[in-house]
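In what follows, a structure is listed as structure tokens, so that the remarks can point back to it.
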Amino acid sequence: MAKYTLDFKLEVVEYYLTTEISYHDLALKVRMNNPSLIVSWVSKFCEQGVDGLSNKKGRTPKSR
């Protein structure tokens, strides 16, 4: 499975949001074979902002 950088994800999401390109056409443009991944990134970005695109998983540790 390919790992995508936060910068790449942001670039793809911003391109999608500022144009009228379809998910499928955008995936072809950026040489991805999974348009549904872009759908997920856009959804996460709209709900959580940049933090939604971060690869960090789990909870952040509580400071004592």
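Owing to the predicted nature of the structure, the values given are computational and were not obtained by experimental measurement.
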task = With rounding to the nearest 0.5 Å, note down the distance linking OG in Ser22 to NZ in Lys29.
result =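 Rounded to the nearest 0.5 Å, the OG-NZ separation comes out at 12.0 Å.
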message = Return the OH to CG distance between Tyr23 and Asn34, rounded to the nearest 0.5 Å.
response =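 Answer rounded to 0.5 Å: 13.0 Å.
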ask   = Distance-only, no hydrogens or angles: does the Thr19 side chain make a donor-acceptor pair with backbone N or O of Tyr15 under 3.5 Å?
value =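 At least one qualifying donor-acceptor pair exists.
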query = Can you list the steps and then say if Phe8 with Val30 is a side-chain contact (heavy atoms from CB on, under 4.5 Å)?
reply = CA-CA 10 Å; Phe8 177 78; Val30 297; 4.0 Å; yes
Thr5 and Asp7: side chain donor to acceptor below 3.5 Å =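 Judged by distance alone, the side chains do not pair up.
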inquiry  = With a sphere of 6.0 Å drawn around CD of Glu11, does it hold more than 12 non-hydrogen atoms of other residues, nucleotides or ligands?
reply    =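 Count not over threshold, so no.
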message = Can you confirm whether or not the ring centre of Trp41 sits under 6.0 Å from the ring centre of Tyr4?
response =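 Between Tyr4 and Trp41, which both carry aromatic rings, the centre distance is below 6.0 Å.
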request  = Establish whether Ile21 and Leu10 are linked, either directly or via other cluster members, by ILVMFWY side-chain heavy-atom contacts under 4.5 Å.
outcome  =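 In one cluster with Ile21: Leu10, yes.
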ask   = Same hydrophobic cluster for Leu37 and Val39, using side-chain heavy-atom links shorter than 4.5 Å among ILVMFWY?
value =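 In one cluster: yes.
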ask   = Which heavy atom in Gly52 sits nearest to a heavy atom in Lys44, and how many Å separate them?
value =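 Minimum heavy-atom contact is O-CD, 3.4 Å.
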ask   = Which heavy-atom pair separates Lys9 from Leu53 by the least distance, and what is that distance?
value =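 In this case the closest contact between Lys9 and Leu53 is NZ-O, 3.0 Å.
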